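What follows is a short report on a single structure.
So you know, we letter chains A, B, ... as the sequences are listed, proteins then strands, and number each from 1. In this text the structure is predicted, and so the values were computed from the model without any measurement.
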Number of protein chains: 2
Amino acid sequence: MDGSLNDRHDGAKMTPSERRREIVNLVMAERTVQLDQLADHFGVSRMTIHRDLDLLEERGLLRKGRGGATAEGSLLFESNFHYRMQTEVAEKRALAKAAGALVEPGNVVMIDDSTTTLMLAEEFESIDFITIITNSLAVCERLRGRPNIHLILTGGTYNDTFQGFYGLVCEQSLAKLRADWAFLSASSVIGTSLYHQDQEVVRMKRALMSSAERSVLLLTHSKFKARALNHFADLSEFDRVFIGAQLDAPAAQRLQQANIAFELV
Amino acid sequence: MDGSLNDRHDGAKMTPSERRREIVNLVMAERTVQLDQLADHFGVSRMTIHRDLDLLEERGLLRKGRGGATAEGSLLFESNFHYRMQTEVAEKRALAKAAGALVEPGNVVMIDDSTTTLMLAEEFESIDFITIITNSLAVCERLRGRPNIHLILTGGTYNDTFQGFYGLVCEQSLAKLRADWAFLSASSVIGTSLYHQDQEVVRMKRALMSSAERSVLLLTHSKFKARALNHFADLSEFDRVFIGAQLDAPAAQRLQQANIAFELV
DNA sequence: AAATGTAACATGTTTTATGTGATAATTGTG
DNA sequence: CACAATTATCACATAAAACATGTTACATTT
């Protein structure tokens with residue numbers, strides 16, 4: 001790679017937020033971008049880019065420096081909730097649709113804090129007499145106020161990176177509740193093991209699984225390329241496993257050889 | 001009362017939201033309003049009033065019917081969160097300022113779900129190393145993401161009227177936590193007794209008080225005129241009581257005779 | 001038939017986004 | 001350290017988008 005941006009001055013008109021989104025993608029891909037290049041690339045003034053970068057910095061998506069911006073500590077970066085929320089949207093929605101079909105009126109359902117399972121919330125909006133238990137603030141905000149939904153939040157210590165609640169209060173609440181289904185995701189799959197970068201989240205997921213009759217796992221294909229620190233479960237512990245169809249063939253084969261039942265969507 | 005609105009066509013220009021706010025007040029006062037009267041009163045077209053009423057109905061503040069709107073079940077009405085949020089703002093803020101001054105860096109503080117105590121959240125934004133425990137979604141949303149604040153939500157069953165969490169999960173969480181201060185409000189004061197219209201809220205407030213070293217009560221003067229069903233505490237149980245200065249003299253005297261220590265702000 | 005509700009469009013208003021040029025701050029260099 | 005070059009910021013003007021409103025025509029209810 002030559003390090004310079006592909007500067008076709010897109011006649012395609014973008015909204016300001018589309019442009020900012022694209023800036024974040026570039027910063028992620030290139031690791032560092034020059035302010036001038038961005039101005040040139042999008043066909044806007046330097047001042048506009050300055051303002052964009054100020055705004056994105058405030059949201060913690062990048063760090064502004066003289067002449068441009070960089071992706072700061074990429075871990076924090078990739079785990080930023082709003083960022084994750086906007087990646088692989090179509091794939092996540094498909095997974096949510098497939099998994100959501102399992103649930104029937106009257107069921108009690110637990111949802112974890114992942115962006116993938118957040119899409120499930122939308123699926124449940126139209127189901128009557130459903131009880132939803134979650135540690136996710138995002139799920140809570142999406143579902144609150146709907147008269148057909150009985151919403152229970154676990155509570156706990158708030159963590160802004162995941163927009164969820166964790167710790168003793170959370171685990172204790174889960175321990176005292178019982179659900180028909182638990183829907184979870186993971187940050188990383190290696191072999192048949194699931195991982196997540198945060199210990200507190202791991203504890204929460206364990207508590208969730210042990211309080212539900214059946215556990216369902218939702219994985220986008222990119223999870224097979226990611227790496228994370230803490231083991232939290234094995235694929236064989238789940239009753240149903242849904243995986244994005246873009247999963248590459250070798251990975252799929254390995255799962256079959258390990259005798260894991262899964263469904264591509 | 002002659003039932004007709006006072007139709008001085010206020011030259012005073014209002015913003016759309018001021019007008020809607022005023023419509024809500026009228027509906028509350030008159031119990032029912034005519035669309036034509038409103039259009040006339042505010043000097044806007046019927047269509048505009050239609051749109052206002054549609055919007056207010058969606059927010060659950062009134063019910064639209066042919067030719068006008070009515071205050072549906074006034075209990076639900078008065079307890080609507082967004083409505084309460086906009087009444088007596090100055091008085092609530094003053095109370096919050098006075099009560100907030102009690103808290104020092106490092107303290108652990110519990111806040112209930114009232115709109116009065118929500119103002120406290122703002123006071124705490126600037127205090128370091130503070131831990132805030134609450135069952136209020138509104139408090140959570142105001143404070144989340146601030147690095148200087150350790151935020152714990154009790155969790156529980158969500159109630160949209162109060163924008164808070166209640167029930168077993170909530171009480172159990174509170175039981176396992178311990179705070180330096182609890183800040184509460186009440187819906188109604190009669191004699192030295194405090195009342196609230198909802199049982200679940202009463203249980204939550206009891207749990208809150210018994211988990212805190214010291215309890216502080218915040219009351220706007222209007223609480224002395226309101227009525228509510230369920231007793232939840234006595235004024236004498238509080239370590240500090242702050243009351244809005246508009247409290248009328250007879251009520252103040254009665255408190256003094258009952259030997260209640262309180263502070264007007 | 002009269003009254004009221006809804007939809008679509010045109011118009012004016014407010015808010016937001018952007019660019020420009022002046023000025024300030026920072027960096028690098030001899 | 002002075003100086004030029006680069007980059008940032010500020011304040012204002014203007015353009016674009018979003019919002020609010022009224023009008024008219026047509027649908028619905030009483």
Side-chain angles (χ1 to χ4, degrees), chain A residues 3-5 7-27 30-72 82-83 86, chain B residues 3-5 7-27 30-72 82-83 86:
Chain A
S4 76
L5 299 182
D7 40 8
R8 56 196 151 108
H9 300 234
D10 289 29
K13 225 184 168 184
M14 301 173 118
T15 68
S17 56
E18 283 171 344
R19 185 185 57 239
R20 282 170 210 134
R21 172 83 198 143
E22 185 59 23
I23 290 176
V24 173
N25 284 336
L26 286 170
V27 172
E30 310 277 330
R31 203 72 198 159
T32 166
V33 291
Q34 293 308 109
L35 195 140
D36 290 345
Q37 287 180 299
L38 291 174
D40 194 35
H41 178 65
F42 293 111
V44 298
S45 75
R46 296 239 287 295
M47 193 63 224
T48 298
I49 298 295
H50 267 297
R51 287 188 269 238
D52 283 346
L53 295 182
D54 287 344
L55 197 140
L56 294 170
E57 180 170 41
E58 199 166 336
R59 291 190 198 160
L61 289 167
L62 46 76
R63 188 183 298 154
K64 205 183 165 196
R66 194 175 174 78
T70 60
E72 64 184 316
H82 291 291
Y83 176 77
Q86 290 176 73
Chain B
S4 76
L5 298 181
D7 39 11
R8 54 195 154 109
H9 301 234
D10 289 30
K13 224 183 168 185
M14 301 174 117
T15 69
S17 56
E18 281 170 346
R19 185 185 59 237
R20 282 168 210 137
R21 171 90 196 135
E22 186 59 21
I23 290 176
V24 173
N25 284 336
L26 285 170
V27 173
E30 309 277 331
R31 203 74 199 158
T32 167
V33 291
Q34 294 308 110
L35 195 141
D36 288 345
Q37 287 181 300
L38 291 174
D40 195 36
H41 178 64
F42 292 111
V44 297
S45 75
R46 300 241 299 292
M47 195 63 223
T48 298
I49 299 294
H50 267 297
R51 288 189 270 238
D52 284 347
L53 295 182
D54 286 344
L55 198 140
L56 293 170
E57 180 170 40
E58 199 166 337
R59 290 189 197 161
L61 288 167
L62 47 75
R63 188 183 300 152
K64 205 183 166 196
R66 193 173 174 79
T70 61
E72 65 185 315
H82 291 291
Y83 175 77
Q86 290 176 71

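- A heavy-atom distance below 4.5 Å is found between the side chains of B/Lys64 and B/His50.
- A donor N or O paired with an acceptor N or O is not found under 3.5 Å between the base of D/dT30 and the side-chain atoms of B/Arg66.
- C/dA25 atom P lies 15 Å from atom NE2 of A/His50, rounded to whole Å.
- In terms of phosphate contacts, B/Lys64 brings a side-chain nitrogen or oxygen within less than 4.0 Å of OP1 or OP2 of C/dT6.
- You'll find the side chain of B/His41 reaches within 4.5 Å of the side chain of B/Leu26, heavy atoms only.
- A heavy-atom distance below 4.5 Å is not found between the side chains of B/Ile23 and B/Leu61.
- Following rounding to the nearest Å, A/Leu38 (CG) and D/dA8 (P) show an atom-to-atom distance of 11 Å.
- Residues B/Thr48 and B/Arg19 are in side-chain contact: their nearest non-hydrogen atoms beyond the backbone lie under 4.5 Å apart.
- Distance CG (A/Leu53) to P (D/dT9): 10 Å, rounded to an integer number of Å.
- The distance between atom CG of A/Leu35 and atom P of C/dG19, rounded to the nearest whole Å, is 12 Å.
- When all heavy atoms are compared, the tightest approach of A/Leu62 to A/Ala69 is CD1-CB, 4.1 Å.
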Base versus backbone protein contacts along nucleotides 10-27 of chain D [heavy-atom cut-off under 4.0 Å; B, S, -] = B------S--SBBB----

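- Among the atoms of the strands shown, only primed sugar atoms or phosphate atoms (P, OP1, OP2) are found under 4.0 Å from some heavy atom of B/Asp36.
- The minimum heavy-atom distance between B/Val27 and B/Thr70, with the atom names listed, is CG1-C, 3.6 Å.
- Straight-line distance from the CG atom of A/Leu56 to the P atom of C/dA17: 13 Å, rounded to whole Å.
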